[in-house]
Every structure is written in structure tokens, then in C-alpha cells.
Amino acid sequence: MNKARGSTSEATPRGGAVAGAVVWPVPVDVGSLSDDRLRDRLGVIGRAESCLSAMKAQTLAELARRHSPVEAGRIARQETRSSKRAARTEVETAGRLAGLPATSDALGAGVIPAGHARLIARAAAEGPIDESLMVQAATHQDYDTFARTMARHQHEASGDDGHALHERRRERRSARVFTRPESGMFVLSAEFDPITGAHIDTVLAAKVRELWNQEDPKARRSSQQRTADALAELILEPEKGKTAGTALLVVADYDVVNQQLTDARLSDGTPIPAAELVRLACDADILPGVYRAATQEMNLGRKRRTATTTQRAALTYRDQHCIGCGTTAHRCFAHHIKFWSEGGPTDLANLALVCNDCHHNIHDHHWTVTHNPHTNRWHTHPPPDPFPTHGTTNTPPPPQTNPILRK
Ligand SMILES: [Zn+2]
């Protein structure tokens with residue numbers, strides 16, 4: 001911590017017997033702080049939140065030990081006015097954290113966020129993990145990256161190629177439909193194992209893209225409305241069929257020595273047990289991520305504007321997710337790096353995966369796309385700041401709103 005910044009102190013509050021240097025935010029007038037100070041302040045608040053979570057977990061675990069988890073949940077609801085569901089989850093996590101000293105210490109010291117600690121606690125309950133290795137990763141990885149790290153680690157540490165873990169998740173699948181009395185709205189709520197989920201998500205996202213393409217660009221639905229419409233259409237009008245790009249992309253390495261596929265995974269890196277890969281291979285809707293990038297199919301030139309399923313698969317394999325913000329691949333568009341409107345070809349080398357928001361930034365807000373030849377990765381960059389100093393009266397350039405260019 002930078003002590004020179006007056007917004008923080010390193011004093012531990014009275015009674016806060018928690019390991020590590022605990023930092024507490026001091027109330028200040030946020031309107032008087034610079035961006036840098038606000039940024040620092042958020043960091044301090046985050047660490048303080050971690051520390052409080054650790055204290056809460058210790059308290060709940062002690063109550064559960066003295067009485068029962070149910071009683072601990074009841075007291076938590078009374079004292080913190082949390083919902084029954086939230087209280088139950090907190091008591092459950094607290095019980096798990098009590099058996100994970102390295103995670104509890106790191107949380108108490110404010111070096112890992114509460115969400116990361118919950119992931120470790122959940123994974124430890126699901127099967128064997130190397131706790132200290134995961135705590136180490138949690139200290140510097142953002143939540144999404146850490147969730148992927150954890151998924152890979154669980155698979156590696158499982159001792160059975162992730163088979164039992166996958167089976168347990170399959171067993172936990174559930175769906176319910178009901179009408180919510182307060183709103184009169186029909187609710188559809190479901191949970192699936194990650195592989196089934198990825199397949200459903202792929203089909204749903206393809207329908208969402210189809211609806212987006214059919215929309216009047218001047219009168220777009222919200223993304224939630226579009227997803228709801230896509231779901232309704234898939235269920236109510238199955239005769240319309242699934243759209244292109246609904247195959248679940250499975251990536252695997254080929255072990256030349258043993259002549260078999262190894263390290264099978266979903267495009268986001270979620271590992272797939274070998275037994276599950278065999279089952280998936282019998283499904284016609286699975287697209288093997290084995291292809292030759294040099295084939296004619298990867299370079300369509302000006303013959304066709306939208307990417308083919310094979311091109312999308314190759315793009316997903318290369319880019320993995322939105323090149324701008326990391327949004328999952330099947331929510332992305334195949335963007336023409338040299339715009340189609342400017343003669344750009346539909347060739348793999350001229351395409352990059354971008355989500356709706358990043359696509360919008362590129363076409364309407366002058367973001368640029370660059371390639372790093374060393375990593376073979378594409379990246380987006382914001383335009384130079386039009387207001388380098390505060391108080392200028394310059395107006396920003398008008399956004400590019402021509403709908404033809406939004407592709
Ligand atoms: Zn994006």
C-alpha cells in the first residue's frame with residue numbers, strides 16, 4: 001500500500017484478528033479524488049471486502065460447529081437480513097473454508113477475492129485439488145481466467161480424467177418452469193453439465209446471431225429480448241431448424257506415437273473426459289477441430305460475405321474468444337479486419353472473432369485491430385484519447401452509423 005495516499009490506513013479494526021496486513025478504506029469525499037486515487041481506493045475496498053468475507057466465514061463456521069449449519073443460517077438471516085438461499089450458501093462455503101487454511105488465510109489477508117475463494121471451496125468439495133497452487137493462481141488471475149485455470153486443474157488432479165466430476169455434474173442437472181406470481185411472467189430456469197451447456201449455448205447463440213442479422217439496425221431489440229425470442233423460436237418453431245454454426249466445436253491434440261486424440265477440450269478450454277469424447281464423437285453435431293488451414297475452404301475471397309461453419313471453427317480455434325474482451329466464442333461475429341465494404345475478403349487471415357460490443361467499437365468508435373505475429377493473436381485498441389486534458393471544448397468525431405458498415 002502507498003501510505004502517502006491519505007485515503008487509507010493500515011490499522012486493523014478492533015477485534016479483527018486476521019492474518020496479514022489488513023487495509024481499511026477511510027471515508028472520503030470521492031468527488032475530490034483523481035482517477036488514480038479512485039482506482040487505488042477500489043483496490044483497497046476490494047481487499048477490505050475479502051478480509052470481511054473471511055471474518056464472516058469464520059464466524060458462521062463457528063456458529064455451525066456449536067449448533068448446526070441450519071441454526072447458523074437462521075442467525076445469519078436475522079443478523080444480516082440475507083435471503084434464505086444466500087445464508088445457506090454462505091454457511092456451506094464457510095464450512096468448506098474452515099477446512100482450507102491456505103485459502104482462508106489468503107482471503108483474510110485480502111490477497112484473494114471472495115469469489116475466487118468460493119471457487120476454491122467448491123472445487124475442493126468436488127474432488128482433489130492442490131490448494132496452495134490454486135491460492136497462488138488466485139492472487140493474480142482475474143475471475144474468468146481463474147475459473148478456467150480451476151477447471152483444468154480439477155480435471156488434471158481428478159485421477160480419473162475428470163470422469164467422476166463430469167458424472168456428478170450430469171446428475172445435478174435440473175430444470176423447472178413456473179409462473180412468478182409477483183410479475184405474472186413465465187420463468188424457465190435450468191442447469192446443465194458444462195458440455196451439454198456448451199452445446200445448448202452454441203445452438204442458442206447461433207439463433208441469436210440469425211435474429212440479429214434479420215433486425216432493422218435502427219430498431220434493435222435488447223440482447224435479453226433477443227435471447228428470449230431465440231429460445232422461444234427454437235422451442236415453438238422447431239421446423240425452422242437450427243441455423244448454421246450450431247456444431248459444438250471440440251478441440252483435441254493428436255498423439256502421433258499412440259495414434260489417438262488427447263487433451264480434448266471445449267473451445268473455451270474446458271477439459272472433456274476421454275469417455276465423454278467417445279460419446280460426443282457419435283453425435284453428428286460435433287465438429288472435430290481437425291482441419292487444414294491451407295484448404296480452399298478457409299479462403300472464400302469475395303464469393304461470400306459471412307464466414308462458413310468451417311471458417312468459424314478455425315477462427316474459434318485460433319482466437320478462442322472475442323479478441324477485444326474475451327466474450328465466449330459462440331457469442332461472437334466473424335469480423336472482416338479489412339472491412340467487407342472496403343473490399344476485404346472472407347479469408348481466415350482477414351477474419352477475427354469479436355462480440356457485439358467490440359464490433360460496435362471497431363465500426364462506430366474508431367477502434368483498431370492489430371496482429372501480434374509472435375503469439376498469432378489479434379487485439380483491439382481504443383483510438384487515441386480525443387480529450388487528453390480535461391476541460392477541452394472539442395467535440396468527438398461523429399460515430400460511423402452507416403448500417404452497411406456494421407458487418
Ligand atoms: Zn468483445
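In each ligand, atom 1 is the first atom listed, and ligand 1 is the first ligand listed. Because the structure is a prediction, the values reported are computed rather than measured.
Using cut-offs of 30° and 60° on the angle between ring planes, the pair His363 and Phe339 is tilted.
The number of protein N, O or S atoms lying under 2.8 Å from the Zn ion (ligand 1) is 4.
Evaluation of the side chain to side chain donor-acceptor pair (under 3.5 Å) rule for Arg173 yields no partner, not counting sequence neighbours.
Pairs engaging residues 43-64 under the ring-ring contact (aromatic ring centres under 6.0 Å, His included) rule: none recorded [sequence neighbours left out]. Sorted by first and then second residue, the pairs that involve residues 124-145 and meet ring-ring contact (aromatic ring centres under 6.0 Å, His included), not counting sequence neighbours, are His116-Tyr143.
Taking the centre of each ring, Phe192 and His199 stay at or above the 6.0 Å mark.
With 3.5 Å as the limit, one finds a donor-acceptor pair spanning the side chains of Asp130 and Ser132.
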